[in-house]
Structures are given as structure tokens and as C-alpha cells.
Amino acid sequence: MTGPVSTQDLIAHAGYLASVLLFMFGIMRMGKVRTARSGNQMAAGAMVLAMISQFVEMGQIEPWFIIAGLVVGSLVGIIVSIKVGMTEMPEMVALFNGSGGIASALVALAAYAFHRIPTVPLMNAGMGEAPPSIVNGLAVMLSIVIGCVTFTGSLIAFGKLSGKVSGSPVLLPGRHMINAALLIMALGGSVMVVFTTGGMPGLGIVVAVTVVALILGVMLVIPIGGGDMPVVISLLNSYSGLAAAMAGFAINSQVLIVSGSLVGAAGLILTQIMCKAMNRSLANVLFGGFGAEDTSSGKGGGADEYKNVKAAEGEEVAMILEDVESLIVVPGYGMAVSQAQHLVRELGDIMEARGCKVSYAIHPVAGRMPGHMNVLLAEANVPYEQLFELDQINNDFKNTDAVLVIGANDVVNPDAVDKKDSPLYGMPVLNVWEARTCFVIKRSLSPGFAAVKNPLFEADNTYMVFGDGRKAVEDIINNLKSS
Amino acid sequence: MTGEVLIGFYTFILACVAGYQLITKVPPTLHTPLMSGANAISGVTILGALAMTNGHGTIGATIIGCLAVVFAMINVAGGFMVTERMLKMFASKKK
């Protein structure tokens, strides 16, 4: 921006500044239960304002391509978001995320196509009249790399979460070497080329880097198992923000830089929270291929390893539940898979009507995305006041009559507390075994994601209720009702 | 290095720090909505997409830009709507 600033630019930038501030306050409000909804609306309003400001800055508008793009994109987004069920939320978030990633990569590609023709004036593009600098070129390449990695990574995550791709880790031999080579090719190549050409690299390089980045995204996510998806999703979320920020550098847009880095930082915080809840480092999640080695060598908790397992049918469970005064429900991924959340709530209502105190204990990494269980239980209208975090409720188990674990495994493994050589040792878990009686609804004794045996299943006060989560809960409810 | 780029760096670093500080302690209930809300905000790249589509550049740039508009808009519209749906659900059951 050299020379006098036009009124048009002044209005546009006032709009940008306002929208950036609104984004900030929006994100801030989204972090508190009471203000979350208004925070989201604020951010949505900020987006509209930013787009209007963009139109003001562009002045002359070529309507057809823009209208077509806006209409098609909005329709797809709105239809999908209305149709999606709460159980499909994790894969939906992954898909939207990938969509944002590829959009940033495309912006960078378009900016590249733009800069390549120096005779075309760069007006009306929000880029100013300055010729592309090394930084612009570098940002173009980085935006392509991060955006493409986000795109294919999110697609693989979507596949794993929706069951279209196997959720178990796929470990290629020498994958660390391959990934390192791909990363060096993508990043090193970009940097080198940009510096040697003093700005924009050649088309061949751009295409090559794009392809390498797309492959890298796939390679980075396939070795990661389904249980680690909460970490991966939040990390990819962070990447999509970073890609937008890089696109901002590519076209000199402060709005993109600010909003993109806000999202990048927010995603990073969530990633940290998830890692902490699993007592693992980010590097371990990304490169460890947790659980996979154990399963292949067959040492992880098969059914034959268990002794004295007590199984119970719905009828017996109902008989015991009739007399309990406090019940804590511990949901896990199994509840999501069998979509048992509504029945769980019904069971909770019946128990409450009988004068029993019902609460829910939510482990931070239960399920496949951050906050997965909270979303499902909210869908089933379980009152927010009945949901408790690990720290809030862990001391209550010892004073509780009964615990009902539905489709959770590793997050209720006592080995994490007292067995030093267990791979789970040190991970914060829910101390369900301290309760007087513990019911575990599970399809079989098969190991959970960590592929280790769970001594809870053979504890004296544990009853295993074998079967699909939904059917098992239904059975208990029917027996409670008929008694 | 042009002044605009330098300002960009300041902005980038400051916004990263701000973003990190803004949400230090998030209750687990909000993890999913916060993620999908932030995700929608990353669709801000729509601004770049609009600029590129409108850039009077080559037809290639326009078409790529238009594709970017589509994807970014899916991210923006879908992301905010889905977040709103979730948060509405959270709010409705509070007495």
C-alpha cells in the first residue's frame, strides 16, 4: 500500500479490522459454556463482514464465477451440515477440515498462476501492486504443502472414522524414512527453488511439490490407529488454520494471517489436551503406531488370558440395579458405534425415578474426537449437570454403588494406575473398580486400542455383560420395567 | 523484504500468541464445538479465493480460484451450521 489510501480501501480495511476482532472475541467466547453459542454466531457474523469487506476492496466484481462458487459451496455445506447425524460428527469435522485445507492450497495455486504473468496488473486482487517477493513465493509453496497435507490427511481420517478405511494402523516398512524423504522433498524443494529463482518457482516444481504433499498427507495418517483420532483431528484442524495463514502471506492479506494463526493456535491447544489425557507425547502419537506392534505379535489380552470372568445377563443386572442408590455411567466409543446414547439416557431416567443418583463420567479421550461423548449425550438430552470430568468424579467411585461401563476399555484399565510395566501406566483413567459393583457392557473380551489386557474384567466385583451396547442396555431397561 | 510482509510476520506471531491465550482452559463439553467452530474460521481463506477468482488474471487462475471458493464455502457454511446445531443442543437441555 503505497501512496494515498482510497476511501474504498479505508472502508474495506475498517471492515477487516472489525471482523478480525470479532473472530478473536468469538473464539474467546467459544471457550465458555455459557457464551459458546453467541461466540460461534459472532464468528459467523465476522466471516460475513470479512467477505463484504473483500467485495468492497475488489470494487469491480466479475459476478458469474464468484456467484457460482459461493452458491455451490454454500449449498453443499448447508445440506451436509443439516443431514449429518450427531454420531457421524467426527468424520464430518474431518471432511470440512480437509475442505478448508484444499481451499487454501488452491488459493496459493491461483496466486501462483497469477504471479506467473507479470504483465497482468495485480489490482483488484487484494495483493497490492508490488511484484511477488521471495516471501510471497515461499508462502505460496508452504500453503500448498500444508493445505494438501491437511486435505489428504483429513480424507484418510474421514475414511477411518466412517469405517470406509480400516481403523487399525497401517505400518509400512521404512515409513519413517519414506516420510522424511517426502517432507524434505516438499519443504526443502520449495525453499530451495524459491530462493534460487528469487520469487516464483517453475510450474513443474509446483506440480511436483503438490503431488508429494498429497502423498505425504496420506502417509502421515495411515499409520495412526482409530483410538488416536482425537489427537489427529485436532492437529489437522491446527494445520488448516496454518494453511490459511500461509495463504495470507502469499497474497498479503492480514485478515487471513490473523484468523489462520488463531485457528492454528486453538487447534494446537486441543492437541495438547488430548495428548495429556493419554499421557503420551505428540511425537509418540504421530510416529509410534501405538498398539499395532502388540497386536501383530499376539501378546495383547486375548479372551483366553482371562480367568474367573463373571458374565451377567440383563435380568441379573436389573436385579442388582433395583437396589442401588448411586450409579455412574462411563460411556466409550462402543456407545457411539451402537448409537446407544438415547437408551442410556432412558436407563438413567428410570434409575432417577427410582430415587437413584445418576451421573456420567467422561474421559477426555473417550470416543474418536475431542468431546465426542459430550456431543452424543447432549443429543440424547442428558442434563449437562450430570456430566463430570475425570478430575471431578474420580474420588466418587469409592462411594458409589454401581458403575455401568458401556463400550469403554483402556480408559478404565486399573493397570494404568498400579502396573509399572504396562504401556498404559501413567495415563489418567477412571477408577471404576473402586465402586461396589461394576458392570461392563462389551461385545467380547477382545483388547481395546492399546491391545493390553484389562484386569477390570476379571475383578471380583465386575460383571461382564456381553453383547452390542444398544441391545444390552435395552435388555436391562426391559427387565427393570417389568420388575 | 517489503514492509507489508514484515507487518505480516508481526501479525502472525502476535495472533498465534493471542490465540493460545484466548482459550487456555476449555471445558471438555466444548471440545467438539470449539474445534468445528475454529475449523469454520479457517475457511477465512474464502477471501483469498474471492480475490483470485476476481483477479482478471488468466482463465487458469480464475478457475482454480473458483474451485477454492467452492471448497472454502463448504468449510465456512457447513462448519458454522454444524457448530450452531451442536451448541443449540447443549443449550436446550439446560433448564
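The analysis underlying the following values was restricted to heavy atoms, covering all of them including side chains, and did not include hydrogens, waters or symmetry mates. Sequence lines set the chain letters: A, B, ... in the order given, protein chains first and strands last, and positions in each chain run from 1.
- Contacts between B:Leu67 and chain A at a heavy-atom distance below 4.5 Å involve backbone atoms as well as side-chain atoms.
- The parts of A:Asn97 that come within reach of chain B are both its backbone and its side chain, each placing non-hydrogen atoms under 4.5 angstrom from that chain.
- Considering B:Ile41, B:Leu87, B:Leu34 as possible partners of A:Asn40, the one that fulfils the side-chain contact (heavy atoms from CB on, under 4.5 Å) test is B:Leu87.
- With chain A as partner, the option from B:Leu30, B:Ile63, B:Val76 having the largest number of non-hydrogen pairs under 4.5 angstrom is B:Leu30.
- Ranking A:Ser259, A:Ala105, A:Ala247 against chain B, the residue ahead of the rest is A:Ser259, based on heavy-atom pairs under 4.5 Å.
- Taking each heavy atom of B:Thr45 and A:Ala244 in turn, the nearest pair found is CB-CB, 4.3 Å.
- Only the side chain of A:Phe55 comes within contact range of chain B, judged by heavy atoms closer than 4.5 Å.
- Side-chain contact between A:Met369 and B:His31 is absent, with no heavy-atom pair separated by less than 4.5 Å.
- Ranked by heavy-atom pairs shorter than 4.5 Å toward chain A, the options B:Ala18, B:Ser42, B:Ala49, B:Pro33 are led by B:Ser42.
- Top candidate by heavy-atom pairs under 4.5 Å with chain A, chosen from B:Gly19, B:Pro27, B:Pro28, is B:Pro28.
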Walk me through it: do A:Leu95 and B:Ile74 pass the test side-chain contact (heavy atoms from CB on, under 4.5 Å)? CA-CA 10 Å; A:Leu95 213 53; B:Ile74 293 177; over 6 Å; no
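- Taking the salt bridge (charged side-chain N to carboxylate O under 4.0 Å, His left out) definition, one finds that A:Arg29 meets it with nothing, sequence neighbours left out.
- Residue A:Met51 touches chain B through both its backbone and its side chain, counting heavy-atom pairs closer than 4.5 Å.
- Put simply, SG on B:Cys66 and CD1 on A:Ile67 are 11.0 Å apart, with the number rounded to the nearest 0.5 Å.
- Looking at A:Tyr16, the atoms closer than 4.5 Å to chain B (heavy atoms on both sides) all sit in the side chain, from C-beta outward.
- In this structure, the separation between CG on B:Asn75 and OG on A:Ser240 is 6.5 Å, given to the nearest 0.5 Å.
- Contact count against chain B (heavy-atom pairs under 4.5 Å) is highest for A:Ile102 among A:Ile102, A:Leu268, A:Leu75.
- For B:Val44, the parts lying under 4.5 angstrom from a heavy atom of chain A are both the backbone and the side chain.
- For A:Tyr239, the OH atom is loosely surrounded, since the number of other residues' heavy atoms within 6.0 Å does not exceed 12.
- Between A:Tyr112 and B:Met52 there is no side-chain heavy-atom pair separated by less than 4.5 Å.
- At a cut-off of 3.5 Å, with distance as the only test, no side-chain donor of A:Gln254 or B:Tyr10 sits close to an acceptor on the other residue.
- Under the ring-ring contact (aromatic ring centres under 6.0 Å, His included) criterion, A:Phe249 pairs with B:Phe9, B:Phe12, not counting sequence neighbours.
- Residue contact with chain B, scored on non-hydrogen atoms closer than 4.5 Å, involves the backbone and the side chain of A:Met24 alike.
- Both the backbone and the side chain of B:Ala72 have a heavy atom closer than 4.5 Å to some heavy atom of chain A.
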Are A:Arg37 and B:Thr83 close enough, and set up right, to give a side-chain contact (heavy atoms from CB on, under 4.5 Å), and what steps lead you there? CA-CA 8 Å; A:Arg37 200 170 163 203; B:Thr83 312; over 6 Å; no
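- For A:Leu270, the part lying near chain B is the side chain, with the backbone staying farther off; criterion is any non-hydrogen pair under 4.5 Å.
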Show, in sequence, the C-alpha distance, side-chain angles and deciding distance for B:Asn39 and A:Val93, and conclude whether the side-chain contact (heavy atoms from CB on, under 4.5 Å) test is met. CA-CA 8 Å; B:Asn39 182 15; A:Val93 172; 4.1 Å; yes
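- Contact count versus chain B (heavy atoms, under 4.5 Å) is highest, among A:Ala266, A:Ser74, A:Ser19, for A:Ser74.
- Taking chain A as the reference chain and counting heavy-atom pairs below 4.5 Å, the highest number among B:Arg85, B:Met81, B:Met86 is found for B:Arg85.
- Both the backbone and the side chain of A:Val84 come within contact range of chain B, each with at least one heavy atom under 4.5 Å from a heavy atom of that chain.
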List the steps and the verdict of side-chain contact (heavy atoms from CB on, under 4.5 Å) for B:Met73 and A:Val72. CA-CA 8 Å; B:Met73 209 52 213; A:Val72 172; over 6 Å; no
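- Distance check, rounded to the nearest 0.5 Å: CE of A:Met89 to OG of B:Ser36 gives 7.0 Å.
- Considering all non-hydrogen atoms of both residues, A:Met30 and B:Gly37 come closest at SD-CA, 4.0 Å.
- Between A:Ser261 and B:Ala15, the closest heavy-atom pair is OG-CB, 3.4 Å.
- Once rounded to the nearest 0.5 Å, the distance linking CD1 of A:Ile66 with OG1 of B:Thr53 reads 5.5 Å.
- Between B:Ala51 and A:Met58, the closest heavy-atom pair is CA-SD, 3.7 Å.
- For the atom pair CG of A:Leu376 and OG1 of B:Thr32, the computed distance is 8.5 Å after rounding to the nearest 0.5 Å.
- Heavy-atom distances place both the backbone and the side chain of A:Val375 under 4.5 Å from chain B.
- Among A:Asn374, A:Ile233, A:Val255, A:Ile82, the residue with the largest count of heavy-atom pairs under 4.5 Å with chain B is A:Asn374.
- Proximity to chain B (any heavy atom under 4.5 Å) is shown, for A:Leu236, by neither the backbone nor the side chain.
- No other option in B:Ile13, B:Leu47, B:Ile64, B:Ile46 has as many heavy-atom pairs under 4.5 Å with chain A as B:Leu47.
- When all heavy atoms of A:Val263 and B:Ala38 are compared, the closest pair comes out as CG2-O, 3.2 Å.
- Considering CD of A:Glu57 and CG of B:Leu50, their distance stands at 11.5 Å, rounded to 0.5 Å.
- Between A:Ala110 and B:Gly65, the shortest heavy-atom contact is CB-N, 4.0 Å.
- Residue A:Ala50 touches chain B through both its backbone and its side chain, counting heavy-atom pairs closer than 4.5 Å.
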